[in-house]
Asker: 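A single structure is presented below for examination.
Since the model is a prediction, treat every value here as computed from it, not as a measurement. Residue numbers start from 1 in every chain, and the chains themselves are labelled A, B, ... in the order their sequence lines are given, proteins ahead of strands.
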Amino acid sequence: MILGRVIGKVWATVKDPAYERRTLLVVAPLDPRTGARRGDSTLAVDFTGAGEGDTVLVVDEGSSACGLYGDDVPVKTVIVGIVDSFDCFGRTFVVN
Amino acid sequence: MELAKVIGRVVATRKDQRLAGIGLLIVQPLAHDLSPRGAPQVACNMAQAGLGEIVYTIDGYEAAYALPGKFAPTDLAIVGNVDGVHAAGAAPGGGGGGR
């Protein structure tokens with residue numbers, strides 16, 4: 001799993017049913033050592049009610065996504081938690 | 001599956017209920033000679049690991065099998081607390097909790 005920050009949202013009227021009634025968020029991965037953004041952003045289906053600016057816990061694994069849906073779906077990356085704080089190498093980041 | 005060092009913790013009160021009560025630790029993946037390799041990640045602590053300790057992790061869907069219950073949305077779990085590592089080319093006795 002990775003830590004990420006929600007930096008945006010995606011809308012689409014024509015889409016696979018798996019994305020209907022779901023929020024698709026743009027997530028920038030964070031480096032837990034510095035709290036800074038690191039690497040390319042990704043899209044993730046939200047399962048926790050996260051919003052822009054939230055720091056989130058992201059699972060990037062297809063079978064886990066299918067497990068959340070209880071069905072085989074074309075979804076790989078999902079948000080499974082909203083982070084309150086994290087600490088690394090003695091530094092604490094309170095993020096929500 | 002790979003070696004890793006515990007370098008931090010994550011607190012997330014609002015999360016999937018199947019992750020409730022599961023410790024979330026930040027781990028730095030390691031090569032067999034205990035040198036850092038790749039980016040830190042967040043793992044479910046299924047081996048009572050603590051900060052600074054050397055562990056080994058399972059990634060992908062199989063990580064969910066380390067957690068109680070039929071299914072849990074995770075792709076990385078700590079499944080062992082390493083006492084020692086011996087590998088060709090590795091520093092002798094590199095394990096031992098890594099403190």
Asker: Under 3.5 Å, which donor-acceptor pairs do the side chains of residues 79-95 of chain A form with other protein atoms, sequence neighbours left out?
Answerer:
unit_1	atom_1	unit_2	atom_2	d
A:Asp84	OD1	B:Thr13	OG1	3.3
A:Asp84	OD2	B:Thr13	N	2.6
A:Asp84	OD2	B:Thr13	OG1	2.6
A:Asp87	OD2	B:Arg9	NE	3.1
A:Asp87	OD2	B:Arg9	NH2	2.8

Asker: Under a 4.5 Å heavy-atom cut-off, does chain A meet the side chain of B:Ile26, its backbone, both or neither?
Answerer: side chain
Asker: Just to verify, what does B:Glu2 make a salt bridge (Lys or Arg N to Asp or Glu O under 4.0 Å) with, not counting sequence neighbours?
Answerer: B:Arg37
Asker: Would you mind checking which part of B:Leu25 comes under 4.5 Å of any heavy atom in chain A, side chain (CB onward), backbone (N, CA, C, O), both or neither?
Answerer: neither
Asker: Look at A:Asp31, A:Val59, A:Thr48 and state which one has the largest set of heavy-atom pairs under 4.5 Å with chain B.
Answerer: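 Heavy-atom pairs under 4.5 Å are most numerous for A:Val59.
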Asker: Write down the atom of B:Ala72, the atom of A:Ser64, and the distance for their closest heavy-atom approach.
Answerer: O-OG, 4.4 Å
Asker: Tell me whether A:Leu68 shares a hydrophobic cluster with B:Ile22, the cluster being built from Ile, Leu, Val, Met, Phe, Trp, Tyr side chains joined at under 4.5 Å.
Answerer: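 In one cluster: yes.
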Asker: Please check if A:Val45 and A:Ile2 belong to a single hydrophobic cluster, counting links between Ile, Leu, Val, Met, Phe, Trp and Tyr side chain heavy atoms closer than 4.5 Å.
Answerer: no
Asker: Please answer: with hydrophobic residues joined when any side-chain heavy atoms are less than 4.5 Å apart, are B:Val11 and B:Leu76 in the same cluster?
Answerer: no
Asker: Tell me whether A:Leu25 is reachable from A:Val73 by hopping between hydrophobic residues (I, L, V, M, F, W, Y) whose side-chain heavy atoms are closer than 4.5 Å.
Answerer: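 Shared cluster, no.
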Asker: Following the transitive rule for hydrophobic clusters with a side-chain heavy-atom cut-off under 4.5 Å over Ile, Leu, Val, Met, Phe, Trp and Tyr, establish whether A:Phe47 and A:Met1 coincide in one cluster.
Answerer: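 Cluster IDs for A:Phe47 and A:Met1 match.
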Asker: With salt bridge (Lys or Arg N to Asp or Glu O under 4.0 Å) as the rule and sequence neighbours excluded, what pairs involving residues 53-63 of chain A come up?
Answerer: A:Asp60-A:Lys76
Asker: Which residues in residues 57-69 of chain B have any heavy atom lying under 4.5 Å from a heavy atom of chain A?
Answerer: B:Gly60, B:Tyr61
